[in-house]
Protein chains: 2
Amino acid sequence: MKFDLSKTTRHTRTNSFGWMFQRIAGQFMVEMKKQLAPFDLTIEQFAALMTVMEHDGVTQRQIGEHISMPAYAISRALDHLEKIGFVERVAHPTSRRAVHVVVTPRAKDIAPQIFGVVDRVNDELIGILDDGQTDTLRLLLQSLLRAPKP
Amino acid sequence: MKFDLSKTTRHTRTNSFGWMFQRIAGQFMVEMKKQLAPFDLTIEQFAALMTVMEHDGVTQRQIGEHISMPAYAISRALDHLEKIGFVERVAHPTSRRAVHVVVTPRAKDIAPQIFGVVDRVNDELIGILDDGQTDTLRLLLQSLLRAPKP
DNA sequence: TTCATTAAGTTGCAAATGCAACAATAGCAA
DNA sequence: TTGCTATTGTTGCATTTGCAACTTAATGAA
């Protein structure tokens with residue numbers, strides 16, 4: 001029995017959940033990027049902004065933990081968000097080195113629009129599934145996200 | 001009824017399939033990157049190599065189509081793969097501008113090891129699901145990947 | 001044939017990214 | 001108190017990335 005490189009490769013590729021996840025996540029990113037551009041936001045900046053909206057007054061480190069981004073990236077994302085007036089870095093109540101990040105009224109004003117972006121892109125992404133399939137998929141993805149680290 | 005920014009944001013985030021896909025794909029990428037490093041391969045270079053293994057003699061443009069990568073990225077990935085001796089750019093049989101990309105014996109030798117990497121990382125990724133769940137997930141992901149472009 | 005157009009692949013350069021060093025502060029033990 | 005270590009955040013610099021311009025070759029019209 002000879003080893004068939006092409007077939008084996010094909011088998012490996014088509015059975016790889018990693019590839020599939022990467023492809024699907026890629027579609028999502030491309031669409032989000034496109035629709036966020038008019039707001040002068042990258043996906044990373046947007047993720048940071050969402051975190052601040054959900055937890056007003058977080059520190060930068062907490063933002064980083066929440067969305068799994070390194071500290072230097074948070075630092076730069078906030079530089080931009082501050083420049084376009086969506087967040088402010090104010091004095092932290094108890095620490096002089098930590099930073100208290102808060103959303104501005106301007107950010108609250110556009111919040112519904114950017115939630116609209118997320119909803120629209122998600123609908124595009126999973127729109128072909130029916131309600132039952134959508135629920136099943138949600139449960140499966142959630143259990144993968146709770147997978148324990150080895 | 002007042003608009004609660006924190007709650008609305010939380011709702012948007014926890015119901016976003018995009019975030020979930022991005023997180024899961026991210027885990028996969030981090031692991032793959034780590035395990036491919038000893039082979040001196042990035043994920044992009046690895047993807048290109050897999051394509052050449054599956055379709056020996058493809059052109060660069062075909063590789064790009066297959067894995068959704070821009071031409072310049074293929075060009076650079078192959079520069080590296082050629083330098084480390086995993087592929088060769090040979091004359092194309094019918095075109096003088098297109099390139100025929102073929103795998104080297106050296107690449108065939110290590111193929112089983114890099115397939116092992118993919119298998120191992122995938123097992124880590126979806127190992128917590130049982131067989132039935134795995135099949136269900138595969139079907140759902142495959143239908144998402146066949147989703148028609150609007 | 002000649003000329004214009006499209007296709008395949010490469011590369012220069014500016015912007016984005018990531019590492020590692022850095023400054024400033026906090027916490028804590030002696 | 002002093003001195004040591006850990007935490008929080010920023011930044012300099014080298015690598016990586018992506019756009020757009022470029023070269024070369026194929027196609028096709030006049």
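Lettering of chains follows the sequences in order, A, B, ..., and the numbering in each one begins at 1.
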A:D130 CG: over 12 foreign heavy atoms closer than 6.0 Å: yes

Touch class at under 4.0 angstrom, heavy-atom based, for B:A71 against every strand present: base

A:R61 with A:E65: basic N within carboxylate O range, under 4.0 Å: yes

Flag side-chain contact, heavy atom, 4.5 Å: A:L137 against B:L137: yes

Interatomic distance where CD belongs to A:Q60 and P belongs to D:dT11 [whole Å]: 11 Å

Heavy-atom neighbours of B:E88 CD exceed 12 at 6.0 Å: no

Separation of D:dT17 C1' from A:I43 CD1 (nearest whole Å): 15 Å

Write down the protein N/O and nucleotide N/O pairs, taken from nucleotides 5-7 of chain D, whose separation is under 3.5 Å; answer none if there are no such pairs.
residue: D:dT7; atom: O2; partner: A:R97; partner atom: NH1; Å: 2.2

Protein-nucleotide distance (B:L41, atom CG; D:dT16, atom C1'), rounded to Å: 17 Å

Gap between atoms CZ and P, on A:R89 and D:dT8 respectively (whole Å): 16 Å

Leading and trailing nucleotides of DNA chain C with any atom under 4.0 Å from heavy atoms of chain A: C:dG18 to C:dA26

Heavy atoms from other residues, nucleotides or ligands near NE2 of B:H92 exceed 12 (cutoff 6.0 Å): yes

B:E44 CD - D:dT17 C1' separation (whole Å): 10 Å

A:Q35 atom CD: more than 12 heavy-atom contacts under 6.0 Å: yes

Length of the CG-C1' vector between B:D79 and D:dT16, whole Å: 14 Å

Pairwise 5' ranking along DNA chain D for B:T94 and A:H100, keeping only the more 5' one: A:H100

Between the protein and nucleotides 18-21 of chain D, are there any N/O to N/O pairs under 3.5 Å, and if so, what are the atom names and distances?
residue: D:dG18; atom: OP2; partner: B:Y72; partner atom: OH; Å: 3.2
residue: D:dG18; atom: O5'; partner: B:Y72; partner atom: OH; Å: 3.1
residue: D:dG18; atom: N7; partner: B:R76; partner atom: NH1; Å: 3.1
residue: D:dG18; atom: O6; partner: B:R76; partner atom: NH1; Å: 3.4
residue: D:dG18; atom: O6; partner: B:R76; partner atom: NH2; Å: 2.9

Positive for side chain to side chain contact (heavy atoms under 4.5 Å, CB included) with B:M32, one of B:N122, B:L125, B:V121, B:L41: B:V121

Salt-bridge contact B:D135-B:R138 (side-chain N to carboxylate O under 4.0 Å): yes

Mutual orientation of the aromatic rings belonging to A:H66 and A:H55 [parallel < 30°, tilted 30-60°, perpendicular > 60°]: perpendicular

Under 3.5 Å: donor-acceptor pair, side chain of A:S16, backbone of A:T12: no

Whether B:F46 and A:W19 hold their rings parallel, tilted or perpendicular, with breakpoints at 30° and 60°: parallel

